[in-house]
Amino acid sequence: MHAYRTHTCGQLRKEQVGSRVRLSGWVNRRRDHGGLLFLDLRDHYGVTQCVIEPGDAAFAVADRARAEWVVTVTGPVVARTAETINKELPTGEVELRIEEISVQGVAQDLPMPVFGELDYPEEIRLKYRVLDLRRDRLHKNITLRSKVIQSIRRRMIEQGFTEFQTPILTASSPEGARDFLVPSRLHPGQFYALPQAPQQFKQLIMVAGFDRYFQIAPCFRDEDARADRSPGEFYQLDLEMSFVTQDDVFAAVEPVLHGVFEEFANGREVSGLQFPRIPYDESLLKYGSDKPDLRNPIVIADVSDIFARDDVAFKAFKGRTVRAIPAPAAASQPRSFFDKLNDWARNEMSAPGLGYIVFERGILNESKGAIRPLTESEKIETPGEFIGKGPIAKFLSPDAARALAAKAGVGPGDALFFAADAKSDRAATLAGQARLRIGRELSLTREGKFEFCWIVDFPMYEWNEDEKRIDFSHNPFSMPNFDREKFLALTDEDKDTILGIKAFQYDIVCNGVELSSGAIRNHDPDVMLKAFEIAGYEREETETKFAGMLNAFRYGAPPHGGTAPGIDRIVMLIAGEENLREVTMFPMNQQAQDLMMNAPSEVSAKQLRELHIRVVMPEKKAE
RNA sequence: GGGGGCGUAGCUCAGUUGGUUAGAGUGUCGGCCUGUCACGCCGAAGGUCGCGGGUUCGAGCCCCGUCGCUCCCGCCA
């Protein structure tokens, strides 16, 4: 008989009754009935009930066992009587009668129980991560993650992609996020950087002629964490293809993502192929975001022109961008519903507020300018006049109110919220946040569904108001969607033209989560130098910083493009979790510390000397 | 860097307008119990109320500061 086990804890069924078996695992639960002791033994595969009586030879040892001790038990498999069968357990028709027991590892009193579903503080969970990982939910999530990655890898290989590794120690790159730096021992004063993504390497792989590359790639960015953004490190399904248009990339990626989500959907609906393609400008207008949650049916409308009309007297909105957010059937909501949204806008969004109009049917007496709601009988007989109510309504002519309703697509019984700002992007953002809140508050957002879309036609550049200059708005390696010769001829005079240039740049969004970002790349050295020059990089600087790539492009570069879906976020969506730590084996906390391994930590003076590093601690704040 | 929330027993939490000895569940320890599977019953131990200062006759509660965790803003091509 094997030293530790003949079966796993999830394996025994009626078929094994009568045979003598050996199991090893953790004591999940101990139930002492005095004349009878139950030990539920747990391993990766399941739970098996083991039982022993006080007269038995092994009882003294079994009686000492506590939760999370690791033990090996040996004995016959016996059938349970009909009334003691546990239908909740796959092994519930049998139990193991303990004849021998040996303790492989004792456990101290637990800082956190493994058994049970209670929620525990992150600090405890992270410090005692192995205990947390034994718990059912996390154990399942991590196992799911492995299956998802396996499925992705299989699908990619089936589509003709080849997996390659790229360096972890590489050069710092001026664009993008903050780098993690690694000091060089051999080259005093010089540093490696951990890759923010294998961006340049995958393009070089294309120039090297490998045609279709992918990698489950670790990426490192020294930026602050969010619930859907791990501090420090995360994984991408990094991929790149040669001789492709944007549509070819879409056609390659869509079936992989769609297939993976379908495979693990578990009853949830996955939006069909092909994913809708929404231009960036349209997404900002209709959803107030470049990562719209399409489960939410609300569509925002621009009503700036209506508030600019002479028959609208509401001065606060004059000359501003005004976006209307429909709240279907919200007329029946209590006053507090509107007040709460207004308070939220003022407090959390630091906006002046959220105006609103509630639309009802009524009788309008234009000569008096007065309105009254329809009576119940009038509602049946006549559609009535269409009237607006609410703090803003009195500033609108009936005609303007009708125009608002028509443009926003609302009718009687609906309400309309307004987000206004002198800056159109701020109005859009406020409207987008309000859209999400209203969708949630009114339970309009459909759960149990995965809604994918592509966001396309991102702007190549954006205006940096703080530093009064033009920045790359997304990936600096994207190909501008602009005539080559005209692009090369652009000057500082062409600011407006430049800010209007779109890039062959695209994102995949699912349920309001940005899953992937990609582009058709700029493989033309002249266009690349020009693109960086527009963003304020001298040609010499670009030549130095991107020497590897520019040089490669000068020896025959194929047109190429790709994208990089975030593995962690994919698993998070599939697992139905709202935080990446729930799908990461050993995550760091929000301050980018590993509480289990105590990272980061100080190093010895000798190590620092070897690296030619002297630490200068930040000065304490003066009183 | 900024804002919100939280911090009370090993763990999850309650704790009234500031008022006697800070409670419950769970876990731990002891006792009882032969069919439980969140076993049950009885009992015990277990507290710097995050830390420091202040107000007060009196602070878990109010005020100031600080630390920790978390969510958000900035940041994240």
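Atom set for the values below is all heavy atoms of this structure, side chains included, hydrogens, waters and symmetry mates excluded. Lettering of chains follows the sequences in order, A, B, ..., and the numbering in each one begins at 1.
The pairing partner recorded for C33(B) is none, the criterion being a Watson-Crick or G-U wobble arrangement whose two distances lie under 3.5 angstrom. Taking a pair to require two hydrogen-bonding distances under 3.5 Å in either a Watson-Crick or a G-U wobble arrangement, C57(B) pairs with G19(B). In this structure, C6(B) and G68(B) make a Watson-Crick or G-U wobble pair, each of the two defining distances being under 3.5 angstrom. Checking A44(B) for Watson-Crick or G-U wobble geometry (two distances, each under 3.5 Å) identifies U28(B) as its partner.
Here Arg30(A) lies out of heavy-atom contact (under 4.0 Å) with every strand. Nucleic acid contact for Gln196(A): none, since no nucleic acid atom lies under 4.0 Å from a heavy atom of the residue. Heavy atoms of Arg521(A) sit nowhere under 4.0 angstrom from any nucleic acid atom. Nucleic acid contact for Glu88(A): none, since no nucleic acid atom lies under 4.0 Å from a heavy atom of the residue. Residue contacts for Asp109(A): at a heavy-atom cut-off of 4.0 Å it reaches the sugar-phosphate backbone alone, with no base atom in range. Ser473(A) comes within 4.0 angstrom of sugar-phosphate atoms only, judged by non-hydrogen atoms across all strands, and of no base.
Pairing each heavy atom of Met479(A) with each of Arg521(A), the nearest pair is CB-O, 3.6 Å. Shortest non-hydrogen contact noted between Pro525(A) and Phe553(A) is CG-CB, 3.7 Å. Asn296(A) and Leu436(A) make their closest contact through ND2-CA, 3.9 Å (heavy atoms, listed as atom of the first residue, atom of the second, distance).
When each of C72(B), U70(B), U34(B) is scored by its nearest atom to the side-chain atoms of Arg226(A), the top-ranked nucleotide is C72(B). For Arg31(A), taking side-chain heavy atoms from C-beta onward, the closest of the listed nucleotides C37(B), C11(B), U70(B) is C37(B). Here U36(B) is the nucleotide among C69(B), U28(B), U36(B) with the atom lying nearest to any side-chain atom of Thr84(A). Taking only side-chain atoms of Gln49(A), from C-beta outward, the nucleotide of G74(B), C39(B), G35(B) with the closest atom is G35(B). Here the side chain of Phe38(A) is nearest to one of G35(B), C72(B), A38(B), namely G35(B).
If you find the closest nucleotide of RNA chain B to Asn475(A) and to Gln591(A), the one lying nearer the 5' end belongs to Gln591(A). Residues Asp32(A) and Pro111(A) both approach RNA chain B. Their nearest nucleotides, taken by heavy-atom distance, put Pro111(A) toward the 5′ side.
Whole-Å rounding puts the Asp179(A) CG to C76(B) C1' distance at 13 Å.
Relative orientation of the Phe532(A) and Phe546(A) rings is tilted, given thresholds of 30° and 60° on the angle between their planes.
Between Arg29(A) and the phosphate of G27(B), there is a side-chain N or O to OP1/OP2 separation shorter than 4.0 Å. The side chain of Gln593(A) contributes an N or O atom lying less than 4.0 Å from OP1 or OP2 of C69(B). Between Arg66(A) and C29(B) there is a side-chain N or O to OP1 or OP2 distance below 4.0 Å. The shortest distance between the side-chain N/O atoms of Asn579(A) and the OP1/OP2 oxygens of C71(B) is below 4.0 Å. Remark: Gln590(A) is in phosphate contact with C71(B), judged by side-chain N or O atoms under 4.0 Å from OP1 or OP2. For C76(B), neither phosphate oxygen OP1 nor OP2 lies less than 4.0 angstrom from any side-chain nitrogen or oxygen of Arg569(A).
Both geometric conditions, a ring-centre gap below 5.5 Å and a plane tilt below 30°, are not fulfilled together for His33(A) over the base of U36(B).
The separation of G46(B) from A24(B), taken at their P atoms, amounts to 14 Å, rounded to a whole angstrom. Taking the P atoms as reference points, G3(B) lies 28 Å from G60(B), given to the whole Å. Rounded to a whole angstrom, the distance from the C1' atom of G43(B) to that of G5(B) is 40 Å.
Between the base of C37(B) and the side chain of Arg80(A) there is a donor-acceptor pair shorter than 3.5 Å.
No donor-acceptor distance shorter than 3.5 angstrom exists from the side chain of Lys545(A) to the backbone of Glu540(A), with no hydrogens or angles considered. With hydrogens and angles ignored, the 3.5 Å screen pairs no side-chain donor or acceptor of Asp179(A) with any backbone N or O of Leu181(A).
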Salt bridge (Lys or Arg N to Asp or Glu O under 4.0 Å) assessment of Asp136(A) paired with Lys140(A): CA-CA 6 Å; Asp136(A) 198 43; Lys140(A) 284 200 171 106; 2.8 Å; yes
